[in-house]
Amino acid sequence: MAPVPKLADRAAECAQRLRSADEVLLASHIDADGLTSAGIATTALERAGIPTTTVFKNQLDDEEIASIAARDFQTVLFTDFGSGQLDAITKHEQQGDFEPIVVDHHQPADAETRYHLNPLLEGIDGASELSGAGASYLLARALEEDEQDNRDLAALAVVGAVGDMQAVGGELVGANRAIVEDGMGAGVLEEATDIALYGKQTRPLPKLLEYADQPQIPGVSGDEAGAIDFLESLGIDLEVDDEWRRWVDLSAEERQTVVSGLVQRGVERGVPADRIDSLVGTSYTLSGEAQGTELRDASEFSTLLNATARYERADVGLAVCLGDREQALERARRLLANHRRNLSEGLEYVRENGVESGETVQWFDADDAIRETIVGIVAGMALGLPGVDRERPIVAFARKSEDERKVSARGTATLVRQGLDLSDAIHTASVAVGGGGGGHDIAAGATIPAARREEFIDRLESAIAEQLA
Ligand code: C5P
Ligand code: C5P
Ligand code: C5P
Ligand code: ZN
């Protein structure tokens, strides 16, 4: 049976159309979700015997779509983007440049096309219930031949969903949940209730706690000696044979001891109960990957992929998705070291320079201090910093070119419940100043003319004030 019945017809139609193609050009987004989408789709197409060429794009704008049209492929499959640019895509379709198949989870533009697989078209949330990789997985399941079983691709779909921060209260829900079950059934995924900190597979134990920022643990977060003292006070051995132990090296009992200790510390030092609850969540483990590697944990895997794609090395990330555990993985690890340094320097920039606050939003302008391809990740992480208000959306600016600025905006689930729709507000405000953008209710981005930044902020403020009124 189809894992997500509401999307079964759309998936089947897209699969049918692809089967009739002699060759396919696959265009996908340059982030963890886009790479896993491409990994899933190319594997499924290859298994179905359909030759595929893959390209990655930062953002699909008119120019990029025109460059795709110029490539002379009759069939173009868009994954993890395309819906937001459907108006521009369908213009090319009408001119007979290519026939599009769009498999995405972003807010669709005002246009229609025949082959369009997007959860939002069937009342499924594209920010928390299905990612681009999840939509691609549904396509893969629809493409499988009788005896072929594409359920092994569920592991990559979960990496994509986690990479797009789709977990709600620490766990995947809705259509994502159905994919998790497929993966467990196929023996490629395990889920467990566990500490929700980043780096369970690879970080030395004290670093795991020292870098914990959501929530901040008083006397532990940001305090190397404090983290070590804390672990020692619980009687946890920190090293074995002169090597740091990692979270995955602890016994179940030791893990329980650390979690209880952290909860107790939080309670004693006045951390709000809901923040303490966020210490525990659901972890998704890729059972087929080696213990203690980035690939075994869905969250670490997704960061590894962002570390390639966001630095013009999507080819490396795709090779890892397709199974290269030697050269490509080695390369990806070097890129990861660089990405982590950039994220930490980016956060340091926000910490030092602070944010400006208006009526409804807060913002910082990193200019060229933070790469435009990662400024959104930094903005999301900055919402956990002391001095940054979690009650209002955060907007980040970075230099895209001499006269263009990249905009990244991030909200919280609480704000979305109060009516926040960043996709709509960012779209409206960016178009009004001669730019363009979109995304999801909780996270959106745009490109705008540098000279109109102030006007953009004013328009965004009033759009958001209206939503939250
Ligand atoms: O293009 P795209 O869908 O990949 O980007 C999703 C972005 O939205 C990610 O950068 C992710 O961090 C952000 N997001 C978020 N909080 C959520 C869901 C998504 O910050 N709850
Ligand atoms: O890079 P990516 O968007 O996948 O990161 C997802 C989350 O993982 C970040 O928001 C951050 O909380 C965490 N992270 C981290 N340290 C890193 C990379 C990511 O804590 N070096
Ligand atoms: O780039 P950033 O991580 O801030 O993107 C957040 C969300 O906004 C992503 O889902 C991305 O695809 C979307 N976005 C968009 N148009 C842009 C920039 C970002 O739809 N010009
Ligand atoms: Zn996505």
Side-chain angles (χ1 to χ4, degrees), residues 28-38 40 56-62 64 78-86 88 103-109 118-120 125-136 157 159-173 176 214 299 302-303 305-306 309-310 343 370-384 390 393-398 400 404-417 420-427 429-431 435-448:
S28 195
H29 193 200
I30 57 142
D31 68 359
D33 192 33
L35 280 177
T36 47
S37 299
I40 291 166
F56 290 94
K57 306 279 179 193
N58 186 355
Q59 283 303 327
L60 258 195
D61 53 22
D62 294 351
E64 295 290 7
F78 294 91
T79 57
D80 195 33
F81 57 21
S83 295
Q85 302 76 21
L86 208 53
V103 177
D104 189 11
H105 66 131
H106 292 93
Q107 193 58 52
N118 183 321
L120 293 158
D125 185 23
S128 63
E129 296 184 300
L130 195 70
S131 70
S136 302
V159 171
V162 168
D164 261 9
M165 314 266 288
Q166 296 216 325
V168 176
E171 91 182 294
L172 294 175
V173 300
N176 279 324
Q214 311 218 15
S299 166
S302 75
T303 302
L305 294 179
N306 278 328
R310 302 217 169 216
L343 289 181
I370 302 176
R371 263 178 96 91
E372 58 104 354
T373 53
I374 64 162
V375 76
I377 297 173
V378 175
M381 293 171 82
L383 272 177
R390 282 188 64 82
I394 188 164
V395 182
F397 297 93
K400 189 154 180 148
E404 280 182 319
R405 294 296 172 268
K406 168 69 197 297
V407 185
S408 278
R410 296 290 186 275
T412 63
T414 310
L415 285 164
V416 168
R417 276 196 296 276
L420 179 72
D421 182 350
L422 286 173
S423 172
D424 189 62
I426 287 277
H427 176 76
S430 62
V431 169
H440 310 287
D441 50 12
I442 200 163
T447 301
I448 58 164

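The first residue in the sequence is number 1, and the count goes up from there. Whatever order the structure lists them in is the order used to number ligands and atoms, beginning at 1.
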Quiz prompt | ligand 3 contacted by His29 (non-hydrogen, < 4.0 Å) | solution =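 Distance cut 4.0 Å: His29 passes for ligand 3.
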
- Do any heavy atoms of Gly84 fall under 4.0 Å from ligand 3?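 No, Gly84 has no heavy atom closer than 4.0 Å to ligand 3.
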
*Any Asp33 heavy atom less than 4.0 Å from ligand 1*: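 It does not; every heavy atom stays at 4.0 Å or beyond.
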
[X] side chain to [Y] backbone, donor-acceptor under 3.5 Å:
X	Y	answer
Asn118	His106	yes
Asp104	Ser83	yes
Gln85	Gly82	yes

Could you tell me which atoms of ligand 3, counted from 1 in the order shown, lie closer than 4.0 angstrom to a heavy atom of [X]?
X	answer
His440	10 (O)
Ser408	1 (O), 2 (P), 4 (O)
Lys406	1 (O), 2 (P), 4 (O)
Ala443	7 (C)
Gly439	8 (O), 13 (C), 20 (O)

Hey, what do you get for [atom1] ([X]) to [atom2] ([Y]), rounding to the nearest 0.5 Å?
X	Y	atom1	atom2	value
Ile394	Met381	CD1	CE	12.5 Å
Ile442	Gln166	CD1	CD	10.0 Å
Thr36	Leu305	OG1	CG	6.5 Å
Asp80	Leu35	CG	CG	9.5 Å
Ser128	Asp164	OG	CG	11.5 Å

With a 4.5 Å heavy-atom cut-off, do [X] and [Y] have their side chains touching?
X	Y	result
His427	Asp424	no
Val159	Ser302	yes
Pro393	Leu422	yes
Ser37	Val103	no
Asn176	Leu130	yes

Original post:
Taking heavy atoms and a distance under 4.0 Å, where does Gln166 meet ligand 1: side chain, backbone, both or neither?
Top reply: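 Contact part for Gln166 vs ligand 1: neither.
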
> At under 4.0 Å between heavy atoms, which part of Met165 makes contact with ligand 1: side chain, backbone, both or neither?
Replying inline: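 Both backbone and side chain.
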
When you measure from [atom] to every protein heavy atom, which one gives the shortest distance, and what is it?
atom	result
atom 3 (O) of ligand 3	Arg410 NH2, 2.7 Å
atom 12 (O) of ligand 3	His106 NE2, 3.2 Å
atom 21 (N) of ligand 3	Ala446 CA, 3.6 Å
atom 14 (N) of ligand 3	Gly438 O, 3.4 Å
atom 17 (C) of ligand 3	Gly445 O, 3.3 Å

At less than 4.0 angstrom from any non-hydrogen atom of His105, what atoms of ligand 1 do you find?
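Taking each heavy atom of His105 in turn, ligand 1 has 3 (O) under 4.0 Å.
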
>> Please list, in number order, the atoms of ligand 1 under 4.0 Å from a heavy atom of Ile442.
In response: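 Close to Ile442: 16 (N), 17 (C), 18 (C), 19 (C), 21 (N).
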
(message) Classify the ring geometry of His440 against His105: parallel below 30°, tilted from 30° to 60°, perpendicular beyond 60°.
(response)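 Tilted: the ring planes of His440 and His105 meet at 30° to 60°.
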
Discussion item. My understanding is that we take every heavy atom of each candidate and find the minimum distance to atom 5 (O) of ligand 1. Doing that for Ile377, Ile374, Asp164, Thr412, which one comes out nearest?
Written reply: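 Shortest heavy-atom distance from atom 5 (O) of ligand 1: Asp164.
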
Review point. Is the closest side-chain donor-acceptor distance between Ser131 and Asp33 under 3.5 Å?
Key: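 Short answer, yes.
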
Checklist entry - Under 2.8 Å from the Zn ion (ligand 4), which protein atoms of type N, O or S occur, listed by chain and number? => result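 Short answer, with waters excluded from the count: Asp33 OD2, Asp80 OD1, His105 NE2, Asp164 OD2.
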
